[in-house]
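Below is one structure, written out as structure tokens; the observations come after it.
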Amino acid sequence: RTPTRPGVSTRSGSRLRCSGPLMTPDAIRPARGGSKGRAGKNLHPFCGRPLLHWTVTQALQSGAVDAVYVSTDHDRIASEAASSGARVIRRPAELAKDSSPSEEALVHALDEIETSEDPVELIVFLQVTSPLREPEDIQAAIRLLEETGSDSLVSVSSIDLMLWRHGPNGEALPIGHEPGARKRRQDLEVSYHDNGSIYLTRPQILREVGNRLGGKIALFELLPRWKMWEIDVLDDARLCESLARQYLFDQFRAPRIRIGDLDGIVYDFDGVLTDNRVLTLQDGTEGILANRSDGLAISRLRALGVRQIVISTETNPVVGARSRKLGLDVIQGVGDKGQTVTEWAQEAGLDPQRLLFIGNDLNDLPAMEVVGHTACPADSHPQVLHVAGIVLESRGGEGVVRELVDRVLDFEGGPN
């Protein structure tokens, strides 16, 4: 379905000036998880990067839009949007309430764009919580809008299901079929549902009807059907990530780090090399659970000349014993991990920007600020998940270093 000339009108041949995506994180209705202060699903780790990153990347790679904007009132969303290549439009607080519709934010963004730039011919509205799209889908949707002479467009997925609803007294009522004359699924009339992935709107329609859809509406069927899934709860994120890795591996592959770009790796201990639990015996001694596969990975890195060290807040014999078993240097009883990493790098003659730090909790954030590369296990604290450059699939103690070696580090880059 790749158009021959993305973003070009097939009727007149004139280049469309498209602005997209105008993404409105609050309008996606994130599940807040008990905290209004969190950025929610828009920054949820997805295939090693914040969810927002992928939608911005898809829009940029489509070649079908002139500019990509993100409308937000949230600092971390703004920062991630800018680092991903989008332009940020600061949304006023009155348009960022739970009850604020997406259309109000779209009109505000449109006004902001057109105060300093040429008029926008087409708005491409992509929702961050529908990551299973490809750049070619954006191209094809724009082409369909132009070919059909439509005023707006919505991406849909077909459904051929026997639907039911509850009646006023709780009774089961069929929708579009007769229970006494059941049809084969393939004989049912095909309907479509709005999958929330792509909306196209001509600015005049948005202003006139106050809705992203109006005038002549085109339906763009997003194929294959697995692209219909969107993220509303955590289980949706896991499903979508599995589909992305299976079908869109190249696009959603976690970023890799060339081994030749690393001088050293710094590990937090608890929650990285362990599962963050501790076994306390009756004599007061403690034990931990670790993964043997990490030892093989650490040995491989050592053979390549990569310096490695454990820096831990804890002062505990078990930390030293496990580190010695792995052949790692260790610094314990650390108060400020950022300062300790900086001092260790200076003493070792290493450039902090060529170090990778792997941590999982709030006390690891200062260290993440002073190094060039960061990673964290999948079960890390939410703030760590938001700032880590790479979010691993492994949980703490489940072979974090092994995954780093097997999946993240690019050994074709060669050792130093």
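Note that these values count all heavy atoms, side chains included, but never hydrogens, waters or copies made by symmetry.
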ask   = Counting only heavy atoms not in Trp229, do more than 12 sit closer than 6.0 Å to its CH2 atom?
value = no
query = So, does Thr285 use its side chain to make a donor-acceptor pair with the main chain of Leu281 at under 3.5 Å?
reply = no
ask   = How about Ser84 and Glu80: does a side-chain donor come under 3.5 Å of a side-chain acceptor?
value = yes
query = Do the side chain of Gln139 and the main chain of Ser62 share a donor and acceptor less than 3.5 angstrom apart?
reply = yes
message = Please give me the minimum heavy-atom distance between Ser312 and Val319, naming the atom from each residue.
response = CB-CG1, 4.2 Å
note = Nearest heavy-atom contact between Glu112 and Thr115 is O-OG1, 2.7 Å
inquiry  = Is it true that Arg133 and Thr55 share a donor-acceptor pair across their side chains at a distance under 3.5 Å?
reply    = yes
message = Checking the side chain of Lys227 only, and the main-chain atoms of Leu223 only, is there a donor and an acceptor separated by less than 3.5 Å?
response = yes
query = In terms of ring plane angle, is the pair Tyr247 and Trp226 parallel, tilted or perpendicular, where the classes change at 30° and 60°?
reply = parallel
Check: Arg91 side chain, His74 main-chain N or O, donor-acceptor pair, under 3.5 Å = no
task = Output yes when Arg238 and Glu393 qualify as a salt bridge under the 4.0 Å nitrogen-oxygen rule, no when they do not.
result = no
ask   = In Å, rounded to the nearest 0.5 Å, how long is the span from OG of Ser299 to CG of Leu326?
value = 8.0 Å
query = Any chance CZ of Arg182 has more than 12 other-residue heavy atoms, nucleotides or ligands included, within less than 6.0 Å?
reply = no
ask   = So does Asp364 pair up with Lys337, basic N to acidic O under 4.0 Å?
value = yes
inquiry  = Once rounded to the nearest 0.5 Å, what's the spacing between atom OG of Ser79 and atom CG of Leu43?
reply    = 9.0 Å
ask   = Think Arg212 forms a cation-pi with Phe125, using NZ or CZ under 6.0 Å from the six-ring centre and within 45 degrees of its axis?
value = no
request  = Using modelled atom types only, decide if a donor and an acceptor are shared between the side chain of Thr274 and the backbone of Asn276 within a distance under 3.5 Å.
outcome  = yes
key: Closest non-hydrogen atom pair, Arg402 against Asp294   = N-OD1, 3.2 Å
query = Around Arg225, counting heavy atoms of other residues, nucleotides and ligands shown, do more than 12 lie under 6.0 Å from its CZ?
reply = yes
message = For Val156, is there any backbone N or O sitting under 3.5 Å from a side-chain donor or acceptor partner on Asn195?
response = yes
task = Can you measure from CG (Leu213) to CG (Leu206) and round to the nearest 0.5 angstrom?
result = 10.0 Å
task = Please tell me if the side chains of Thr148 and Leu153 come closer than 4.5 Å, counting only heavy atoms from C-beta onward.
result = no
query = Would you call Glu241 and Arg245 a salt bridge, taking side-chain N to carboxylate O under 4.0 Å as the test?
reply = yes
inquiry  = For a quick test of reading the model, state the closest non-hydrogen atom pair linking Met228 to Ser157 and the distance between them.
reply    = CB-OG, 2.9 Å
request  = Tell me, with the steps shown, if Leu106 and Tyr199 meet side chain to side chain contact (heavy atoms under 4.5 Å, CB included).
outcome  = CA-CA 12 Å; Leu106 289 174; Tyr199 300 94; over 6 Å; no
ask   = Within the side chain of Thr374, is there an N or O that forms a donor-acceptor pair under 3.5 Å with the backbone of Gly389?
value = yes
query = Distance from Thr340 atom OG1 to Asp336 atom CG, nearest 0.5 Å?
reply = 6.5 Å
query = Quick one: does Ile390's side chain get under 4.5 Å of Leu356's, heavy atoms only?
reply = no
remark   = Nearest heavy-atom contact between Leu385 and Cys376 is CD2-SG, 3.8 Å
query = Taking the side chain from Glu230 and the backbone from Gly196, do they hold a donor-acceptor pair closer than 3.5 Å?
reply = no
ask   = About how many Å separate CD1 of Ile257 and CZ of Arg354, when rounded to the nearest 0.5 Å?
value = 12.0 Å
ask   = Counting N and O atoms only, with roles assigned by atom type, does the side chain of Glu403 sit under 3.5 Å from a partner on the main chain of Ser394, one being a donor and the other an acceptor?
value = yes
query = For the residue pair Glu314 and Asp270, what are the closest heavy atoms and their distance?
reply = CG-OD2, 3.3 Å
ask   = Do any N or O atoms from the side chain of Asn211 and from the backbone of Glu103 form a donor-acceptor pair under 3.5 angstrom?
value = no
